[in-house]
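Have a look at the structure below before the remarks.
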Amino acid sequence: MNDQIKGADLKRTPHLPHDEGGPVFNAPWEAKAFAMTVDLHKRGVFAWSDWCETLSEEIKLAQAAGDPDLGDTYYKHWLSALEKLITAKKVTDAQSLLAAKEDWRAADEHRGFGEAPVLVKGAAGAST
């Protein structure tokens, strides 16, 4: 598999927010989700066409569920599509993803104002 995302690949990416310089992001986590997706593609985990199909389906599901499609939820759909694709490709499983989300949520809840969250694996389950 080619280790580069070509301009044509990005153009095939459904509804990708962009300007003349390339993709645009409203928050750092969006750029990180984008970068993770590109990196997984470059590593051969999935073809870009598989990614585009999965993202397109995720957007269609969201629209069918009433998402007004104003652009502010695009990367939420991107992240959901990435989670579905990496579980389908057996990179991880749903339980591991949920545990990681809960650990990050716990880290965020326990940080002071202006402090970066500190991830401690398993912390979310230990605080019950």
Side-chain angles (χ1 to χ4, degrees):
M1 181 173 297
N2 191 335
D3 68 349
Q4 295 292 331
I5 298 291
K6 296 187 171 103
D9 290 329
L10 288 179
K11 288 178 184 174
R12 287 192 346 243
T13 305
H15 309 287
L16 181 66
H18 67 283
D19 61 19
E20 60 280 347
V24 295
F25 312 100
N26 292 316
W29 73 266
E30 296 175 350
K32 289 178 183 177
F34 179 88
M36 286 189 300
T37 304
V38 170
D39 186 59
L40 289 167
H41 164 70
K42 286 180 178 181
R43 292 173 186 241
V45 174
F46 50 79
W48 199 252
S49 58
D50 291 341
W51 165 249
C52 290
E53 182 179 322
T54 304
L55 177 58
S56 182
E57 283 300 314
E58 189 64 27
I59 292 169
K60 287 176 189 173
L61 288 171
Q63 290 170 340
D67 186 322
D69 198 19
L70 302 174
D72 57 336
T73 56
Y74 180 78
Y75 281 102
K76 290 179 182 177
H77 306 319
W78 183 286
L79 193 55
S80 293
L82 181 58
E83 291 173 354
K84 286 180 180 178
L85 193 54
I86 63 174
T87 54
K89 298 288 186 178
K90 302 201 182 313
V91 173
T92 191
D93 57 59
Q95 185 176 355
S96 296
L97 278 174
L98 180 60
K101 286 181 193 179
E102 291 303 317
D103 287 345
W104 277 111
R105 190 178 338 270
D108 188 52
E109 289 173 359
H110 293 96
R111 69 183 175 98
F113 180 76
E115 295 177 352
V118 177
L119 179 68
V120 178
K121 285 188 174 189
S127 62
T128 58

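The figures here come from the full heavy-atom set of this structure, side chains too, leaving out hydrogens, waters and symmetry mates.
A heavy-atom distance below 4.5 Å is not found between the side chains of Phe34 and Leu82. For the pair Leu85 and Leu40, the minimum side-chain heavy-atom distance is 4.5 Å or more. Under the 4.5 Å side-chain criterion, counting only non-hydrogen atoms from C-beta, Thr13 is in contact with Leu55.
For the atom pair CG of Asp67 and CD1 of Ile59, the computed distance is 9.0 Å after rounding to the nearest 0.5 Å. The CD1 atom of Ile86 lies 6.0 Å from the OG1 atom of Thr92; values are rounded to the nearest 0.5 Å.
Following chains of ILVMFWY side-chain contacts shorter than 4.5 Å, one cannot reach Val24 starting from Tyr75, and the two form parts of different hydrophobic clusters. Residues Leu61 and Leu79 fall into different hydrophobic clusters, defined by Ile, Leu, Val, Met, Phe, Trp and Tyr side chains chained together at heavy-atom separations under 4.5 Å. The hydrophobic cluster containing Leu98 does not contain Trp29, counting ILVMFWY residues as joined when their side-chain heavy atoms lie under 4.5 angstrom apart, directly or transitively.
Residue pairs meeting the salt bridge (charged side-chain N to carboxylate O under 4.0 Å, His left out) criterion with at least one member in residues 17-34: none, sequence neighbours excluded.
A donor-acceptor distance shorter than 3.5 angstrom exists from the side chain of Thr37 to the backbone of Ala33, with no hydrogens or angles considered.
Residues satisfying the side chain to side chain donor-acceptor pair (under 3.5 Å) criterion with Lys101, sequence neighbours excluded, are Glu83. Partners of Asp39 by salt bridge (Lys or Arg N to Asp or Glu O under 4.0 Å), not counting sequence neighbours, listed by chain and number: Arg43. Shown here are the side chain to side chain donor-acceptor pair (under 3.5 Å) partners of Lys84, two or more places apart in sequence or in another chain: Glu58. Under the side chain to side chain donor-acceptor pair (under 3.5 Å) criterion, Ser96 pairs with Asp93, sequence neighbours left out. Contacts of Trp51 classified as side chain to side chain donor-acceptor pair (under 3.5 Å), with partners at least two apart in sequence or in another chain: none.
For the residue pair Ala47 and His41, the shortest heavy atom distance occurs at C-ND1, 3.9 Å.
Under 4.0 Å is where a charged nitrogen must lie from a carboxylate oxygen, and between Lys89 and Asp50 at least one such pair does.
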